[in-house]
Amino acid sequence: MAGGGAEGPRPSPHGGCRCPRRCGRSYSAGGVSPGVPLSCPLPGVPKAVFAATEGRERFETRVTALENGLRVASQRKFGQFCTVGLLINSGSRHEAKYLSGISHFLEKLAFSSTAQFGSKDEILLTLEKHGGICDCQASRDTIMYAVSADAKGLDTVVNLLADVALQPRLSDEEIEMTRMAIRFELEDLNMRPDPEPLLTEMIHAAAYRENTVGLNRFCPVENTNKIDRQVLHSYLRNYYTPDRMVLAGVGIEHEQLVECAKKYLLGVEPVWGSAQAKDVDRSVAQYTGGIVKVEKDMSDVSLGPTPIPELTHIMIGLESCSFLEEDFIPFAVLNMMMGGGGSFSAGGPGKGMFTRLYLNVLNRHHWMYNATSYHHSYEDTGLLCIHASADPKQVREMVEIITREFILMAGAVGEVELERAKTQLKSMLMMNLESRPVIFEDVGRQVLATNTRKLPHELCALISDQRKAAVKRLEGNKYLVKVS
């Protein structure tokens, strides 16, 4: 340092901002503006708008019922985009009086040509103008048409959804293409190394033999040529009625959504006519129990040079409860406590390595490839299942081990494992509900079933309130009767 007293930094002639743009320095080549350091605001950028911290009432789900019975539900969420869709109380469980596979057909035919749109491409181009994407999913009890797009295009989105659901053309060409797509999907399903989708079908078929949720979700091959426009219209006339629908939206204002619903879904006559629904199936699920077995040769199926291991997959399930009952939360905690996964899963406690199926099954029996717990719940019943995989020579031992785990549920419940399961369940719930499409589905399904919605903080409070006695009550009342 040169002699003399220490001299402090000289004040900038630009008011303290040491921006190279003002000082004539540039760190980047090309562009309208030279490089700007992180300490300075970018020129020409609008001022940021941040979400305000407001009371919980701002995030409550609002529900309005229209004159025709259709319900409109909305949830506010900060952001430029919204997710809007129609959820209809219709699925494979309602096909007892029809050809099995209609819901599967409707799922594949969704967002095809309508009264206003000449083709699927025209629909996609319309959505593209608003940065939108669309999807349709059919389950055992619900079919869901959804669109995610810029919130400014709400009017276009609701118009499109109404047209897709109520005015589909169902042309011969589209139906023939759907038949081909379904045949390919069924072939792919039978060759897929992951057996979980087929096992889920089989466990439902065994538990509810030939009724409601036990009916096949996938269209049988022999029905693909039998389902035509007349069959579809006959089904739609009974189940696509306004009183069985919910228009749900996340990320939009409730009043706007209600106005759009009145404009496009009130007083609209569907393409199949407005005749009164006659043959609506209101059957309650009847748990029968049973066994379904399928033998498959996978020796010629391989994803690479190494053949797929020859394994036997089993799924054992027992009746639980519907999502409307107070025991639903204890069952969800119990399912999380069982946990499990694949024998090659990586991770630590956050990955469920301390759940019962890891500690008692996979860590002790190295020959088992998989042991995973699942909980399926519907408006009138439910299933708690364990899926396991092992070498065919050890099937008997595998069944005994999994059955023993069901029986051990009636034993002591540790305080630590219960708290861990509750924490994991709350964590999973909150992480999933960070996604806008997940919030949309949660809003739609809850309003469709109960006309209201439990908010996340309410569900977390219910989970936190669970005690060992509640889980023990489930195990004693529901399980031992069925396992013995």
Side-chain angles (χ1 to χ4, degrees), residues 1-62 74-85 124-135 146-157 248-257 345-352 423-424 426-443 455-457 460:
M1 180 186 293
E7 187 178 359
R10 297 189 180 186
S12 167
H14 303 296
C17 177
R18 297 171 182 267
C19 180
R21 177 174 57 83
R22 293 174 178 174
C23 298
R25 296 162 61 195
S26 175
Y27 295 107
S28 64
V32 178
S33 304
V36 179
L38 296 176
S39 56
C40 294
L42 289 168
V45 174
K47 190 178 179 183
V49 181
F50 298 100
T53 334
E54 302 178 62
R56 272 181 185 153
E57 65 276 358
R58 297 280 291 178
F59 299 97
E60 287 179 359
T61 302
R62 295 179 63 185
S74 72
Q75 176 79 42
R76 294 188 63 177
K77 183 173 173 64
F78 183 78
Q80 180 183 349
F81 283 79
C82 66
T83 299
V84 181
L124 296 176
L125 284 170
T126 302
L127 287 175
E128 200 174 283
K129 293 174 185 174
H130 301 283
I133 55 172
C134 60
D135 185 31
V147 171
S148 288
D150 193 305
K152 293 174 184 174
L154 179 65
D155 190 83
T156 303
V157 167
V250 175
I252 34 83
E253 294 294 334
H254 185 71
E255 291 75 15
Q256 277 183 283
L257 190 61
S345 296
K351 294 286 185 181
T423 303
Q424 281 183 308
K426 287 186 284 187
S427 171
M428 187 181 73
L429 173 73
M430 297 309 292
M431 281 193 291
N432 285 337
L433 288 174
E434 287 179 8
S435 165
R436 189 181 61 252
V438 173
I439 300 173
F440 155 76
E441 187 172 349
D442 181 50
V443 169
L455 294 175
H457 70 270
C460 285

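Keep in mind that what you see is a predicted model, and the values were worked out from it rather than measured. For the single chain, residues carry numbers from 1 onward in sequence order.
- Applying the side chain to side chain donor-acceptor pair (under 3.5 Å) rule to E434 yields no partners; only residues at least two apart in sequence or on another chain are considered.
- No side-chain heavy atom of H130 sits less than 4.5 Å from a side-chain heavy atom of V157.
- In terms of the salt bridge (Lys or Arg N to Asp or Glu O under 4.0 Å) criterion, E128 has no residue partners (sequence neighbours excluded).
- In this structure, CD in Q256 is found 12.0 Å from NZ in K152, a value given to the nearest 0.5 Å.
- The residues E255 and R62 are annotated as salt-bridged, a charged nitrogen and a carboxylate oxygen being separated by less than 4.0 angstrom.
- Applying the side-chain contact (heavy atoms from CB on, under 4.5 Å) rule to L38 yields no partners; only residues at least two apart in sequence or on another chain are considered.
- Counting only heavy atoms from C-beta outward, the side chains of S148 and D135 never approach each other to under 4.5 Å.
- When all heavy atoms of A248 and L257 are compared, the closest pair comes out as C-CD2, 4.3 Å.
- Considering all non-hydrogen atoms of both residues, F440 and A146 come closest at CE2-CB, 3.6 Å.
- For D155, the salt bridge (Lys or Arg N to Asp or Glu O under 4.0 Å) partners two or more places apart in sequence, or in a different chain, are K263.
- Side-chain atoms of E441 and N432, non-hydrogen and from C-beta on, never get closer than 4.5 Å to each other.
- By the side-chain contact (heavy atoms from CB on, under 4.5 Å) test, L433 is found to be paired with L429, V438, I439, D442, R453, P456, residues two or more places apart in sequence or in another chain being considered.
- Not counting sequence neighbours, the partners of K426 by the side chain to side chain donor-acceptor pair (under 3.5 Å) test are S464.
- The only member of H254, R76, Q75 that meets side-chain hydrogen bond (donor to acceptor under 3.5 Å, both in side chains) when paired with T61 is Q75.
- The two residues A151 and C82 have their closest heavy-atom pair at CA-SG, 3.8 Å.
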